[in-house]
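Reading through the structure tokens given below for one structure.
One-based numbering, in listed order, for ligands and for the atoms of each. Note: hydrogens, waters and symmetry copies are ignored here, and every other heavy atom, side chains too, is used. What you are looking at is a predicted structure, and each value in this text was computed from that prediction instead of being measured.
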Amino acid sequence: MQDLPWHVISEQKIGCTVVAEIRPYWRNFIDGEWLDSSDGRSIPIVDPGNGKLISRVACGGAVEIDLAVAAARRCFQERRLQSLTPAARGELMFAIAGELETLADEIAELEIHDNGKTRAAGYNEVKLTQRYLRYYGGMADKLEGRQIPLGDNIVDYTIRMPYGVSAQIVPWNGPLPVGARSIACAVVTGNTVVLKSPEDSPLSLFVLAQACERAGVPKGAVNIVCGYGSEAGAALVSHKDIDHIVFTGSVATGKSVLRAAAERVIPCVMELGGKSAAVAYADADLDNAARNVARGILHHAGQICSAASRLVAHRSIVGPLVEKLKAEAARRTVGPGAEDCDMGPVISERQLQRIEALCEVGVAEGATLATGGKRLEREGFFLPPTIFTDVRPDMRIAQEEFFGPVLVVIPFDTPEEAIAIANGTDYGLAAGIFTRDLKLALWTADRLVAGQVYVNDWWVGGVETPFGGTRRSGYGREKGQEALLGYVQTKNVGIKL
Ligand code: NAD
């Protein structure tokens, strides 16, 4: 157990702002112990809502990764998880979810200040994480092998084996649920985990570590180390003693992870970026389309891999649809979650500069800035909802991921052209269709290159539905029953009687 309370909320009121006092220093969770960094370094954690330092985290490097992988290996070799019944491994997930219940208020507050989430989104992160833990906890005892008939005197059966030590790398936009779903899949199937938390927003995953500790997860089964990607991340994915990688992050980093994995022929689940298109046909319910596209691009200030970042709209409805989208943008308050605003900041000054620079490219390319495009003049890292019209599919703003609250609107004339535009990027994560014509919706869904397609809503689906990319958006699936198959390999046992 950490020697200080992990997080103290003072509830000190300054105007309408509730200031949370976040524990000033956090340690890494390795082999069931809370450890400082071996070289004494720490990572500063900044509140994106005001740009101020809120905490520091022990900076893990190659040494900490070595310790964590060794702990995970020991736990696996000694079969501390595999010797439990699958049902007992499932019970561990229920217990972690239960611990999170008692920590929900604190986690929500932490997500506001560490991650820039709104208060509602902070609470949702906890609920979503509990859903993942309970869903995969419930599946622990339902993953079965097969018996294969080979005639008299032979018994043949298959076993779903864990890989061993699963190395997991998580991005900053939703570390708690993204981390928890991979940990849950790994642990219920008997793998042990070393997870590298994101250096920009690591705190909620330390709370998950604490919940694991309280829930009685065996020592070494779950290890959580925070460090910079180029050090701890690179050391983890190239470690000689890992057996499996789950990477969620950008395409550029994903490529370097895959190169490291190739050296040792390690299987990978890759969840990468996106530039997902919402296709709106002329007969679409415009209010519904505007509401959903706005939600799809503005939730968490657009920092969602499956954000609705392109609107591919029939030329006849572009004008009225953009007006409705501008109204959706205008009615949202932008500011810190602590002030109960509708849309929060982007994660860092660096990310805000990157988004602003790409907006300037859009203007230089000849697109029209219908709204937004410049940071708010206040402390923190805020970009208002931004919409570009008159966008051509070949422009950089139509091809590159902003990972911010920026929508580009591209007109089309025929359904074939809509498909060509929607499929015309390197990515293939999500796509949406807005129409009242079900036949047209099915025709379009068949032709869109994407891991998931939403019709007349954005983000139709849930914990139960498989999620993942095609093309440069990655491969493998998280969420749903299918995800578990990414954490096991089949062993066939044949017996001559
Ligand atoms: P990123 O690739 O910069 O970082 C992701 C993680 O990788 C971080 O923990 C980082 O420390 C680590 N990392 C960085 N360099 C590394 C290296 N050389 N070796 C190993 N690890 C390294 O991505 P980001 O900016 O943190 O996150 C945003 C990206 O993640 C976007 O592209 C977004 O679309 C994507 N994303 C995808 C999904 C999905 O499910 N498909 C979900 C969330 C985010």
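Annotation: side chain of Ile54 is not in contact with side chain of Pro44 (no heavy-atom distance under 4.5 Å).
Within 6.0 Å of CD on Glu263 lie no more than 12 heavy atoms contributed by other residues, nucleotides or ligands.
No donor-acceptor pair closer than 3.5 Å links the side chain of Glu271 to the backbone N or O of Gly249. Judged purely by atom type and a 3.5 angstrom limit, Lys275 has no side-chain atom pairing as donor or acceptor with the backbone of Thr425. Counting only distance, with no hydrogens or angles, the side chain of Glu400 and the backbone of Met395 share no donor-acceptor pair below 3.5 Å.
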- side-chain hydrogen bond (donor to acceptor under 3.5 Å, both in side chains) between Ser166 and Asn191, worked out: CA-CA 6 Å; Ser166 175; Asn191 297 279; 6.0 Å; no
What are the polar N/O contacts of ligand 1 with the protein below 3.5 Å, with distances?
from     : atom 1 : to     : atom 2 : distance (Å)
ligand 1 : 2 (O)  : Ser250 : N      : 2.9
ligand 1 : 2 (O)  : Ser250 : OG     : 2.6
ligand 1 : 2 (O)  : Thr253 : OG1    : 2.8
ligand 1 : 9 (O)  : Val170 : O      : 2.8
ligand 1 : 9 (O)  : Lys196 : NZ     : 3.1
ligand 1 : 11 (O) : Lys196 : NZ     : 2.7
ligand 1 : 11 (O) : Glu199 : OE1    : 2.7
ligand 1 : 11 (O) : Glu199 : OE2    : 3.3
ligand 1 : 11 (O) : Gly229 : N      : 3.4
ligand 1 : 19 (N) : Ala234 : N      : 3.4
ligand 1 : 23 (O) : Ser250 : N      : 3.4
ligand 1 : 25 (O) : Trp172 : NE1    : 3.2
ligand 1 : 26 (O) : Trp172 : NE1    : 3.0
ligand 1 : 30 (O) : Gly249 : O      : 3.3
ligand 1 : 32 (O) : Glu401 : OE1    : 2.7
ligand 1 : 34 (O) : Glu401 : OE2    : 2.6
ligand 1 : 41 (N) : Leu272 : N      : 3.4
ligand 1 : 41 (N) : Leu272 : O      : 2.7

